[in-house]
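Presented below is the structure to which this report refers.
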Amino acid sequence: AELLELLAKDTHETLSIQSSPISPVSDRQIGDALKAEAFVAHFQPKISCLTGGLVGFECLARWPQPDGSMIPPDQFICFAEQKGLIDALTRQVYDYALANLPLCNLRNQLKYALNLSPINLKDATFPHWLRNKCCEHNVKPSQIILEVTETASMENPLVLLEHLTQFRIYGFQLSIDDFGVGYSSLVQLARLPFSELKVDQMFVKTLASSKESQKIVTAVVGLGKSLGLNVVAEGVEDVSALGLLQDLGCDEAQGYFIGRPMDRVSAGNWNGLSGLS
Ligand code: C2E
Ligand code: CA
Ligand code: CA
Ligand code: CA
């Protein structure tokens with residue numbers, strides 16, 4: 001059921017994209033796709049709750065198929081992690097994203113969020129590699145936000161702290177992703193060098209309909225603000241959720257109501273949320 005929901009979700013991404021048949025992905029297929037440099041990224045807009053203006057994009061991995069469909073990341077990231085291919089995959093997706101950022105006037109002011117696998121955090125050479133990539137593509141490290149899941153931040157705190165700190169020293173920003181659904185990590189949140197908190201979409205999607213979600217989001221936004229973090233809500237699917245987030249003082253919003261993940265051309269032409277005052 002989860003897979004079907006996922007496929008349905010991606011079918012709607014753009015009109016030209018069709019869901020691919022559900023078949024387990026082999027490491028051989030991922031290896032071949034890596035050799036062919038097949039992996040790409042799509043870009044989902046993120047807006048300021050205060051002004052409604054575009055603040056940046058989250059870059060999301062995609063695997064295009066010969067029939068024009070796209071395999072979504074939940075169908076290959078975990079296999080790549082298991083088969084020791086995630087280092088190569090992450091570098092390929094980042095390289096694509098940085099070389100193909102949406103073309104728009106604000107290019108040099110926007111922020112670009114990239115997702116990190118927990119395994120990437122064990123690789124001591126990665127921060128330096130990323131710094132060089134940014135330099136190569138004329139992107140300032142301060143424009144890059146690395147999204148790390150809450151669960152990932154629980155393992156091996158000392159090595160984690162060292163590698164996260166290295167990213168910060170280079171000027172990258174760090175975001176704790178999917179906050180609220182993993183292990184309780186309030187201590188980590190305060191002690192690790194994060195600059196942003198992303199409220200998990202599970203709570204945001206149900207914001208308008210569930211009192212419980214409203215209470216959780218209120219608390220999490222308040223927590224993030226009191227720690228001085230930039231607070232982002234993702235999974236904004238309707239106007240009422242966006243209104244509530246604005247009332248709560250949430251900084252930024254992302255979700256299907258605002259814009260779906262898009263290829264670089266559509267993302268470059270994206271001109272805001274119509275009807276938002
Ligand atoms: P995530 O980082 O939590 O990214 C948000 C996911 O929610 C994306 O799914 C996005 O398309 C979807 N989404 C955004 N707004 C809405 C909304 O309003 N409603 C609903 N129902 N969904 C929304 P996607 O692109 O399929 O990515 C799934 C997950 O795969 C990501 O979750 C992230 O954990 C992982 N991922 C994506 N790209 C990469 C990558 O380059 N590297 C790694 N390691 N993981 C990635
Ligand atoms: Ca993310
Ligand atoms: Ca998330
Ligand atoms: Ca997620």
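Start at 1 and go down the list; that is how both ligands and their atoms are numbered. Starting from 1, each residue takes its place in the sequence as its number. Treat the numbers as computed from the prediction; the structure is a model and nothing was measured.
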Closest by any non-hydrogen atom to atom 44 (N) of ligand 1: pick that one out of Ala253, Ser117, Pro73.
->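 Checking each option, the heavy atom nearest atom 44 (N) of ligand 1 is found in Ser117.
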[X], any N or O under 3.5 Å of ligand 1 N or O:
{"X": "Gln44", "result": "yes"}
{"X": "Tyr94", "result": "no"}
{"X": "Glu147", "result": "no"}

Is the Ca ion (ligand 3) less than 3.0 Å from at least one N/O/S atom of Glu234?
->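 Glu234 does place an N, O or S atom closer than 3.0 Å to the Ca ion (ligand 3).
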Would you please classify the geometry between the Tyr94 ring and the Phe126 ring as parallel, tilted or perpendicular, with 30° and 60° separating the classes?
->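 Ring orientation, 0 to 90° scale: perpendicular.
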Side-chain (Thr90) to main-chain (Asp87) donor-acceptor, under 3.5 angstrom =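 Not at all, since once roles are kept as given, no pair shorter than 3.5 Å links the two residues.
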Calculate the angle formed at the Ca ion (ligand 2) by OD2 in Asp177 and OE2 in Glu58; 10° precision is enough.
->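 The angle at the Ca ion (ligand 2) comes to 180°, rounded to the nearest 10°.
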Are Asp263 and Ser266 close enough that a side-chain donor and a side-chain acceptor fall under 3.5 Å?
->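 Yes, Ser266 and Asp263 have a side-chain donor paired with an acceptor closer than 3.5 Å.
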Let me know which of Phe39, Phe79, Tyr96 forms a ring pair (Phe, Tyr, Trp, His ring centres under 6.0 Å) with Trp63.
->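 In the set Phe39, Phe79, Tyr96, the residue that makes a ring pair (Phe, Tyr, Trp, His ring centres under 6.0 Å) with Trp63 is Phe39.
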The Ca ion (ligand 2) to nearest N/O/S of Ser175 less than 3.0 Å |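 Of the N, O and S atoms in Ser175, none lies under 3.0 Å from the Ca ion (ligand 2), which means no.
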Contact flag Asp178/the Ca ion (ligand 2), N/O/S atoms, threshold under 3.0 Å =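 No N, O or S atom of Asp178 is closer than 3.0 Å to the Ca ion (ligand 2), so no.
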Side-chain heavy-atom pair Leu174, Pro193 within 4.5 angstrom cut-off =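 Contact flag for Leu174/Pro193 side chains = yes.
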